Amino acid sequence: MEGLRRLEYRGYDSAGVALVNGGVRRVRKLGKVAELQSALDADPCAGNAGVAHTRWATHGAPDEANAHPHISGRIVIVHNGIIENYEALKKTQTERGFDFTSETDTEVIAHQIMWHLSRGGDLLRAVSLALKDLKGTYALGVIDVEQPGHIVLVRNGSPLVIGAGADGGHYAASDVHALLQVTTDFIVLENGDIARIGRDGVRIFNGELEDGELRPVERAPVATPLSPHAIELGEFDHFMQKEIHDQPCAVTDTLEGRLLDDTVPDGILGPGAAALLDAVKAVQIVACGTSYHAGLVARHWFEEFAGVPCRVEIASEFRYRRQVILPGTLFVAISQSGETADTLAALALAKKCDYLPSVAICNVPESSLVRESDRVLMTHAGPEIGVASTKAFTTQLVTLLLLAMLLGKRAGMEPAVRAGLVAQLRNLPSRLEQALALEPRIRELAQQYADKNHVLFLGRGRHYPVAMEGALKMKEISYIHAEAYAAGELKHGPLALVDRGMPVVSVAPNDHLLAKLKSNLQEVRARGGVLHVFADSGAGFRSEGDSVVVIELNAPENAVAPIVFTLPLQILAYHTALLKGTDIDQPRNLAKSVTVE
Ligand code: G6P
């Protein structure tokens, strides 16, 4: 149950557990793990082998019948991922006499394994035969009720780790956090691996049957530096609030060892990075969600400081498009979790194309993205639990700025400019502390949002993606419809939405676009929109009663300003959601790591 609670951020539509003890006892509940816990408190169960699951619905509504574990005859199964050919399998299985009790794609896996098991052999063999029939991505945990001493595990595109507990038990989970209370040493399964854990230990095989036999493989255990306490709330009410406040430290940790005097050493990208960096003529960034917004900010840095053209694309679009690649293009994948299915698929595609070696920007060292990329720039944000990403975003921005500086060095960046950027980065944690100190004023401002249905966010240049991220935060956790626009685009449509009382949030750094932005904001004022401006203290904005509210920030350093301006927008979304009473850390319908397409 502790493991399930720690994994809950991955999905929280329903939760279930099945324990084998003579027969099988299954308990499933709609909603959060707490609902399952109450059911188990009222009617406890025990056993020596079990599987449990928290679900983010793909096939079939979030209800109890669709909750995992699923059962077919002697087979009990939990599954992450998607089975793409489930309709064809379901047809065959129905003809074979199998009954379906759910709308999930998972049930066909259980039936397929049961079908092979009923034809002889042990569970391991039945699972490996069933895998040949499945198309899609999955991580599985499977028990045969008649061989209860073992659990068979499969990894194919969805993450799975195994840990040996100090209590002599063996455990597996889709993320190391779930098992930190029993171990910090893990075996990370590779795609195609089948493993069997039991009282007698762990055995891992390559999934292909050769002459009817599975071939054993060795997977060395790795120790994680994470502590079970790294994901405790401390003095905060929500993980999102804690993670917003973690940002000065997270940025300090991400910069640690990466600034040398007034330069960024090539070595931060690993040995021999200089040759790769020398070859870069263009950059292609691919990511999803908040990480995509980090890429959009970085595009401005790559083009401004390094003079290299940079394209940024959402991974789910990129992966289905014909690739037209400029010679010398560096492929950069950004992902907090390193497990986002679309981003991983984009990386796999890029590896087959004519890109330079790939670079991952990621927060999870054990993740698939880190393992599959050629080079890695880790963000050291610490575990991020709130579904709405905060500290992962700002630390992604820091690493992307470092990468832009490495490329800038090649493009003849003046030493004084470089030294200036290094000074801005060193100063950044204290600027972020100052931004956090605005929380009481922003909390007050949030009261004007709680009863609103729509909000516009405006920005220009590299602050346009900051506005996009502010709008995303607002919609994710407060459920208020929020749209971001490049302020210059306002007059081409969205201005029609503005009427008396419509809140328009603007990010106003003191940069070369300030005068333009001010004109755009006048257009909103003239239509009765209420302006809430987060402005640099040197930008010369003045509050006017309730219709123009200016909150000043100290963000005079231009390059890092997008990082500083992000914080008040995160805080605004947080306090709006708090007033609305939404589930801030686990907003409806979402999940933190989306390991399905
Ligand atoms: C989910 C999360 C977002 C996140 C996105 C990409 O949708 O709810 O907060 O930005 O996935 O996740 P990644 O781990 O690849 O950065």
Side-chain angles (χ1 to χ4, degrees), residues 7-13 54 56-58 80 157-159 174-175 177 238-240 243-244 250 285-298 312-319 332-348 358-373 376-379 381-397 399-400 465-466 468-479 482 484 566 569-570 573-574 577 582-597:
L7 269 184
E8 190 167 35
Y9 70 92
R10 304 277 294 259
Y12 34 83
D13 290 333
T54 62
W56 184 72
T58 60
N80 282 348
S158 296
S174 50
D175 148 333
H177 294 116
H238 297 96
F239 279 107
M240 182 182 181
E243 288 156 8
I244 289 172
I285 298 179
V286 166
C288 301
T290 290
S291 299
Y292 167 66
H293 293 157
L296 290 176
V297 175
V312 189
E313 192 159 3
I314 295 164
S316 55
E317 289 294 316
F318 176 89
R319 61 184 288 196
V332 179
I334 311 172
S335 172
Q336 185 283 131
S337 63
E339 300 295 353
T340 300
D342 286 316
T343 308
L344 289 172
L347 172 67
S358 55
V359 174
I361 295 197
C362 191
N363 196 40
V364 181
E366 305 80 12
S367 66
S368 307
L369 191 76
V370 167
R371 295 155 69 84
E372 287 161 27
S373 298
V376 181
L377 261 180
M378 295 305 299
T379 51
E384 192 183 64
I385 305 300
V387 165
S389 186
T390 52
K391 61 179 180 174
F393 178 68
T394 41
T395 53
Q396 283 166 352
L397 289 177
T399 49
L400 286 159
V466 171
M468 293 168 80
E469 177 57 12
L472 180 61
K473 290 288 87 83
M474 186 61 92
K475 67 185 124 188
E476 278 179 312
I477 59 165
S478 78
Y479 314 150
T566 296
L569 303 188
Q570 296 169 342
Y574 174 76
T582 60
D583 191 340
I584 293 180
D585 285 334
Q586 296 179 339
R588 68 184 180 200
N589 304 339
L590 303 180
K592 184 144 191 77
S593 299
V594 185
T595 54
V596 293
E597 185 174 353

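Numbering of residues begins at 1 and proceeds along the displayed sequence. Counting starts at 1 for both ligands and their atoms, in listed order. Remember, predicted model here, so these are calculated numbers, not experimental data.
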So if I count the atoms of ligand 1 from 1 in the order they appear, which ones are less than 4.0 Å from some heavy atom of [X]?
X: Glu476; value: 9 (O)
X: Lys592; value: 1 (C), 2 (C), 11 (O)
X: Thr290; value: 10 (O)
X: Val387; value: 8 (O), 9 (O)
X: Ser335; value: 13 (P), 14 (O), 15 (O), 16 (O)

Problem set entry | Heavy atom of the protein closest to atom 16 (O) of ligand 1 (residue, atom name, distance) | Ser291 OG, 2.6 Å
For this session: Specify the protein heavy atom at minimum distance from atom 12 (O) of ligand 1: its residue, its atom name, and the distance to 0.1 Å.
Result: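 That would be Thr340 OG1, 3.4 Å.
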Out of curiosity, [X] [atom1] to [Y] [atom2], how far, rounded to the nearest 0.5 Å?
X: Phe393; Y: Glu469; atom1: CZ; atom2: CD; value: 4.5 Å
X: Phe239; Y: Lys391; atom1: CZ; atom2: NZ; value: 9.5 Å
X: Lys473; Y: Gln570; atom1: NZ; atom2: CD; value: 7.0 Å
X: Gln336; Y: Asn363; atom1: CD; atom2: CG; value: 5.0 Å
X: Asn80; Y: Thr58; atom1: CG; atom2: OG1; value: 9.5 Å

Exercise. Which residue, Ile334, Ile361, Thr394, forms the side-chain contact (heavy atoms from CB on, under 4.5 Å) with Thr379?
Worked result: Ile361
For this session: Would you check, one step at a time, whether the test side-chain contact (heavy atoms from CB on, under 4.5 Å) holds for Trp56 with Val596?
Result: CA-CA 10 Å; Trp56 184 72; Val596 293; 3.7 Å; yes
For ligand 1 and [X], I'd like to know whether there is a polar contact (N/O to N/O, distance under 3.5 Å).
X: Val594; result: no
X: Ala591; result: yes
X: Thr343; result: no

For this session: Measure Glu339 to ligand 1 on non-hydrogen atoms and call it side chain, backbone, both or neither using the 4.0 Å cut-off.
Result: neither
For this session: Identify the residue among Glu339, Gln586, Glu384 that makes a side chain to side chain donor-acceptor pair (under 3.5 Å) with Lys592.
Result: Glu384
Problem set entry | Cys288 touching ligand 1 at heavy-atom level, < 4.0 angstrom |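 The answer is yes, since Cys288 has a heavy atom less than 4.0 Å from ligand 1.
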